[in-house]
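What follows is one structure encoded as structure tokens, with my remarks underneath.
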Amino acid sequence: MNSQPLHEQMAAMMKRAAELSDEEKLHRYNGVLYPKLLCPELHLKALGDTKARPDDIMLTAYPKCGFNWMVGVMKTIIAEAAGTKVVSEILPLMEFLSPVDIKKFDEAPSPRLVGTHMHPDNIPVSFYTKKTKMLVIFRNPKDTLVSYYHFYNNNPVLPSAKSWDTFFSQFMSGNVSWGSYFDYALAWEKKMDDPNVKIITYEELKQDPSQGIRDISTFFGLTLTEDQVQRVAEGTSFDAMKKNSAKTHATMGNVFFRKGTVGDWRSHFTPEQSQEMDDAFNKHLAGTRLGAKLNYQQYCQ
Ligand code: A3P
């Protein structure tokens, strides 16, 4: 929604971030931590006024689960789909919008591509009443934690992680920006029967990108030929997106597109930390449908 070139927006944000101490970078709103520069109270308060439309395309994820990958996939699907329409991009995240930007959002032509990390209970209610289709990407909690740790250390708008052990404890207690992974997961678990919600996992998309792309385009009612599916898969591979990332994410390209693998947790977690995460997973998600979809035994044990 900002007409300033991306690299200038980034540079301005980095300059403001450099003026803050680590302690000043996060603040709590309704009990959840958010980066103060990107999601000041004024923006979070105004978020509830957002007016959804049935043809909005909503992408949502807990941080570090592959949101930017999903954005790349969705934009490429839209570009390839027959009868491509103009799409207003309300990216990266809805909760970054100021009240003025929300007004522009309300006036932007359909269909609009919208993103958020907000807990499903904090997504503006109109997205549910208007039956907006929401695509949720999940990732196993061990790799999510590792990715978040590196993100904290390389994103100037977030405080640096004091140490691996400290960040591990903060993640496990939900004291990280956008709150607890497990609270977030349990809230989506309750919505798994909603026909307007589709959950995919990072790991399944990594294993079979073409099938993931077919499923996603079908969910949004967009038709792709098999050649187009293959083109989307090639254009949104980790290597392709990383190569293009200076254009799409300016100086943050290498931060958002770090390693792009499954199982990096094995080179970070101690056996005790691995056990602690296994216990947390069992406590919160074992026996749930989302828990089964995450295929924890295969990817985390
Ligand atoms: P790593 O830090 O493990 O490399 P988000 O976009 O939600 O912030 O998620 C970032 C994670 O998704 C990073 O994980 C990043 O490398 C990974 N990622 C981004 N694009 C990807 C792609 N095309 N394929 C696989 N992983 C990707």
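- In summary, the aromatic rings of Tyr184 and Phe138 are positioned with their centroids under 6.0 Å apart.
- Other residues, nucleotides and ligands contribute more than 12 heavy atoms inside 6.0 Å of the NZ atom of Lys191.
- Judged by distance alone, the side chain of His43 and the main-chain N or O of Phe96 form a donor-acceptor pair under 3.5 Å.
- Cluster membership for Phe238 and Val255, using ILVMFWY side-chain heavy atoms within less than 4.5 angstrom, is shared.
- Residues Val176 and Tyr152 form a side-chain contact, since some pair of their non-hydrogen atoms from C-beta on lies under 4.5 Å apart.
- With hydrogens and angles disregarded, no donor-acceptor distance shorter than 3.5 Å links the side chain of Ser274 to the backbone of Pro271.
- Looking only at atom types and distance, the side chain of Ser160 has a donor-acceptor partner in the side chain of Asp22 under 3.5 Å away.
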Worked check of side chain to side chain contact (heavy atoms under 4.5 Å, CB included) between Asp101 and Ser98: CA-CA 5 Å; Asp101 285 337; Ser98 67; 3.4 Å; yes
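- Interatomic distance, Leu93 CG to Thr60 OG1, rounded to the nearest 0.5 Å: 9.0 Å.
- The two residues Pro156 and Met252 have their closest heavy-atom pair at CD-SD, 4.3 Å.
- Contact check for Leu44 versus Glu95: side-chain heavy atoms found under the 4.5 Å cut-off.
- Among residue pairs with one or both ends in residues 163-174, those qualifying as side-chain hydrogen bond (donor to acceptor under 3.5 Å, both in side chains) are Ser163-Thr166, Trp164-Gln273, Asp165-Gln273, Ser173-Asn175; sequence neighbours excluded.
- Ring-plane geometry between Phe281 and Phe182 is classed as perpendicular, the angle between the planes exceeding 60 degrees on a 0 to 90 degree scale with a lower cut at 30.
- Note on ring orientation: taking the six-membered ring where Trp is involved, the planes of Phe127 and Phe105 are tilted (angle from 30° to 60°).
- For the pair Arg258 and Asp264, the salt-bridge criterion is met [side-chain N within less than 4.0 Å of a carboxylate O].
- Residues Lys133 and Pro195 share a closest heavy-atom pair of NZ-O, 4.3 Å.
- Contact record, His27 with Pro35: CD2-C, 4.2 Å, taken as the closest heavy-atom pair.
- Partners of Lys198 according to the salt bridge (Lys or Arg N to Asp or Glu O under 4.0 Å) rule, which considers only residues two or more places apart in sequence or in another chain, do not exist here.
- Asp278 and Tyr296 form a side-chain donor-acceptor contact under 3.5 Å, judged by distance and modelled atom types alone.
- To the nearest 0.5 Å, the span separating CG on Leu290 from CD1 on Ile199 amounts to 5.0 Å.
- For the pair Pro159/Leu26, a side-chain contact is recorded, criterion being any heavy-atom separation below 4.5 Å from C-beta on.
- With rounding to the nearest 0.5 angstrom, the CD1 atom of Ile57 is 13.0 Å from the CE atom of Met134.
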Trace of the side chain to side chain contact (heavy atoms under 4.5 Å, CB included) decision for Val32 with Asn30: CA-CA 6 Å; Val32 177; Asn30 286 343; 5.7 Å; no
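- Asp143 and Lys259 are not joined by a salt bridge, as no carboxylate oxygen comes within less than 4.0 angstrom of a charged side-chain nitrogen.
- Smallest separation of non-hydrogen atoms from Ala52 and Ser126: N-OG, 3.0 Å.
- No side-chain heavy atom of Leu158 sits less than 4.5 Å from a side-chain heavy atom of Lys25.
- Separation of atoms OG1 (Thr288) and CE (Met192) is listed at 7.5 Å; rounding is to 0.5 Å.
- With rounding to the nearest 0.5 angstrom, the CD atom of Gln207 is 8.5 Å from the CG atom of Asn295.
- Proximity of Met94 to Pro124: side-chain heavy atoms (C-beta onward) are separated by under 4.5 Å at one or more points.
- Phe67 and Tyr62 have their aromatic ring centers separated by at least 6.0 angstrom.
- The aromatic rings of Phe167 and Tyr148 sit perpendicular, their planes meeting at an angle over 60°, well past the 30° parallel limit.
- The shortest distance between side-chain heavy atoms of Glu204 and Asp208 does not fall below 4.5 Å.
- With values rounded to the nearest 0.5 angstrom, Met241 atom CE is found 6.5 Å from His249 atom NE2.
- Checking side-chain atoms of Asn140 against main-chain N and O of Lys142 turns up a donor-acceptor pair under 3.5 Å.
- More than 12 heavy atoms of other residues, nucleotides or ligands lie within 6.0 Å of NZ in Lys206, so this atom counts as buried by the packing criterion.
- Formation of a donor-acceptor pair under 3.5 Å by the Asn153 side chain with backbone atoms of His150 is not found in this model.
- Between the side chains of Lys293 and Thr201, no donor N or O sits under 3.5 Å from an acceptor N or O.
- Counting only heavy atoms from C-beta outward, the side chains of Gln228 and Ile213 never approach each other to under 4.5 Å.
- Note: Tyr299 and Trp265 fail the aromatic proximity criterion, with ring centroids not under 6.0 Å apart.
- Summarising the geometry of Ser147 relative to Lys64, their closest heavy-atom pair is OG-CE, 3.3 Å, with the distance given to 0.1 Å.
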Phe168/Phe269 under ring pair (Phe, Tyr, Trp, His ring centres under 6.0 Å): CA gap, chis, key distance, verdict: CA-CA 9 Å; Phe168 177 85; Phe269 278 57; 5.6 Å; yes
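- Dense packing is recorded around CD of Glu226, with more than 12 heavy atoms of other residues, nucleotides or ligands lying under 6.0 Å away.
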Check against side chain to side chain contact (heavy atoms under 4.5 Å, CB included), Glu276 and Asp279: CA-CA 5 Å; Glu276 192 177 331; Asp279 292 345; 5.6 Å; no
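- Although no hydrogens or angles enter the test, the distance criterion places no donor-acceptor pair under 3.5 Å between the side chain of Glu203 and the main chain of Val262.
- With hydrogens and angles disregarded, no donor-acceptor distance shorter than 3.5 Å links the side chain of Asp55 to the backbone of Pro111.
- In terms of modelled atom types and a separation under 3.5 Å, the side chain of Ser88 and the main chain of Pro109 share a donor-acceptor contact.
- Put simply, the side chain of Arg28 gets close to the backbone of Gly31: a donor and an acceptor are under 3.5 Å apart.
- Lys103 has no carboxylate O lying under 4.0 Å from a charged side-chain N of Asp106, or vice versa, which leaves the two without a salt bridge.
- Side-chain N or O atoms of Thr132 include one that pairs as donor or acceptor with a backbone N or O of Arg53 at under 3.5 Å.
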Residue pair Leu47, Leu97: steps toward the side chain to side chain contact (heavy atoms under 4.5 Å, CB included) verdict: CA-CA 8 Å; Leu47 189 63; Leu97 299 184; 5.9 Å; no
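- Residues Arg214 and Gln211 are in side-chain contact: their nearest non-hydrogen atoms beyond the backbone lie under 4.5 Å apart.
- Between Gly212 and Leu205, the closest heavy-atom pair is CA-CD1, 3.6 Å.
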